[in-house]
Amino acid sequence: FFERKTDRSSLLFNHRNKIPGTELRSITFGYDDQDGVEYEYVSPEDDAVLTLYRPEGGGAVNPEKYESIGVRNKVQAHFHACRLWNRMQYRTTSVGFDATQEGNLLLVGERILVADNTTTQTQDGEITDQAGLVVYTSQPLTFAPSVNYYAFFQLPDGTVESIPVSAGPEAMSMLLSRAPRLPLVIDEGAYARATYILAQQGAANATAF
């Protein structure tokens with residue numbers, strides 16, 4: 001999947017579609033092992049293998065080497081190398097887990113949302129029912145006063161939508177500020193009900209990978 005900046009995620013993973021006990025998270029600051037990038041591509045003129053270095057000049061002590069597939073253009077190679085270099089510099093949190101069969105729908109490089117199920121403070125689950133703008137959840141929800149909340153919902157077309165929400169009439173419910181772009185799947189006999197992650201506004205992007 002073409003790697004580019006986007007605010008739209010393809011799939012949402014929470015405790016309903018992750019195998020229990022398989023999630024691991026690691027947090028790093030600065031470089032891990034590699035401190036640069038060597039990106040190889042093929043010259044369109046004479047089929048020679050050329051290398052781009054990031055940082056430029058080849059000053060890295062232990063660079064990570066990449067052999068591109070099908071890249072025969074210096075401009076394309078430049079952008080690929082810069083993306084890899086930026087990822088190496090600015091990545092701080094990594095996550096790994098075993099998913100249910102929904103994970104087979106993904107392509108490498110697609111943006112996903114992942115609830116942090118290594119902590120008990122995460123609020124996530126699936127939608128069990130809906131009445132107008134009130135949706136009912138599989139887990140009790142907690143809304144702190146004077147805090148804005150967003151809920152991320154898995155839609156049936158394979159995308160994720162973010163909607164501002166507030167406390168609903170019951171502990172296991174929330175009130176949507178608007179209707180979802182597509183109807184939420186709530187049928188108990190469906191392959192998978194709509195899943196959700198509830199997050200405070202300031203932490204809304206912390207679940208994207």
Side-chain angles (χ1 to χ4, degrees), residues 1-19 23 25 27 70-71 76 79-119 121-128 130 132-139 141 143 147-166 168 174-187 190-209:
F1 191 81
F2 178 60
E3 186 177 353
R4 64 182 184 275
K5 183 177 180 180
T6 177
D7 294 325
R8 175 166 291 187
S9 300
S10 297
L11 283 179
L12 182 156
F13 291 95
N14 62 16
H15 76 271
R16 292 287 176 169
N17 51 13
K18 287 187 285 188
I19 306 302
E23 182 173 358
R25 290 188 177 232
I27 299 177
V71 177
Q76 288 181 334
F79 282 110
H80 280 290
C82 286
R83 288 190 187 99
L84 294 168
W85 176 226
N86 285 338
R87 181 190 302 167
M88 184 175 293
Q89 293 180 92
Y90 302 116
R91 179 180 59 196
T92 57
T93 304
S94 300
V95 62
F97 57 89
D98 292 339
T100 58
Q101 292 182 351
E102 290 161 83
N104 293 328
L105 301 174
L106 287 171
L107 297 175
V108 174
E110 283 189 290
R111 185 183 192 262
I112 60 174
L113 290 187
V114 184
D116 186 356
N117 294 123
T118 63
T119 174
Q121 299 178 347
T122 298
Q123 302 194 72
D124 65 339
E126 65 182 14
I127 303 302
T128 60
Q130 182 174 1
L133 292 179
V134 176
V135 294
Y136 295 88
T137 60
S138 60
Q139 315 296 127
L141 304 176
F143 289 85
V147 176
N148 295 325
Y149 284 85
Y150 279 78
F152 298 90
F153 297 100
Q154 179 70 65
L155 299 183
D157 67 345
T159 60
V160 178
E161 184 173 14
S162 171
I163 300 176
V165 297
S166 56
M174 63 178 112
L175 176 64
L176 311 183
S177 63
R178 58 175 175 81
R181 181 171 53 85
L182 295 173
L184 300 176
V185 177
I186 59 175
D187 185 2
Y191 167 74
R193 283 176 166 177
T195 50
Y196 71 89
I197 300 174
L198 180 66
Q200 296 184 10
Q201 184 174 10
N205 291 328
T207 54
F209 290 89

Could you list the residues that satisfy side chain to side chain contact (heavy atoms under 4.5 Å, CB included) with [X], not counting sequence neighbours?
| X | result |
| --- | --- |
| Tyr136 | Thr128, Asp129, Ala131, Val134, Pro169, Glu170, Ser173 |
| Phe1 | Arg4, Leu107, Glu110 |
| Val147 | Ala144, Tyr149, Gln200 |
| Asp187 | Ala190 |

Please enumerate all residues that pass side chain to side chain donor-acceptor pair (under 3.5 Å) together with [X], with sequence neighbours excluded.
| X | value |
| --- | --- |
| Asp124 | His15, Asn117 |
| Asp157 | Thr159, Arg181 |
| Ser9 | Arg111 |
| Gln139 | Arg16 |

Legend entry - Residue list, salt bridge (Lys or Arg N to Asp or Glu O under 4.0 Å) with Arg87, at least two apart or on another chain: Glu3
Inset, instruction - Report the residues that fulfil salt bridge (Lys or Arg N to Asp or Glu O under 4.0 Å) with Arg8, sequence neighbours left out, ordered by chain and then residue number. - result: none
Legend entry - Nearest-0.5 Å distance, CD1 of residue Ile27 to OG1 of residue Thr93: 4.5 Å
Which pairs of donor and acceptor atoms, one on a side chain in residues 94-102, lie under 3.5 Å apart (sequence neighbours left out)?
residue	atom	partner	partner atom	Å
Thr100	OG1	Asn17	O	3.4
Thr100	OG1	Glu102	OE2	3.3

Legend entry - Ala115 backbone acceptor or donor facing Lys18 side chain under 3.5 Å: yes
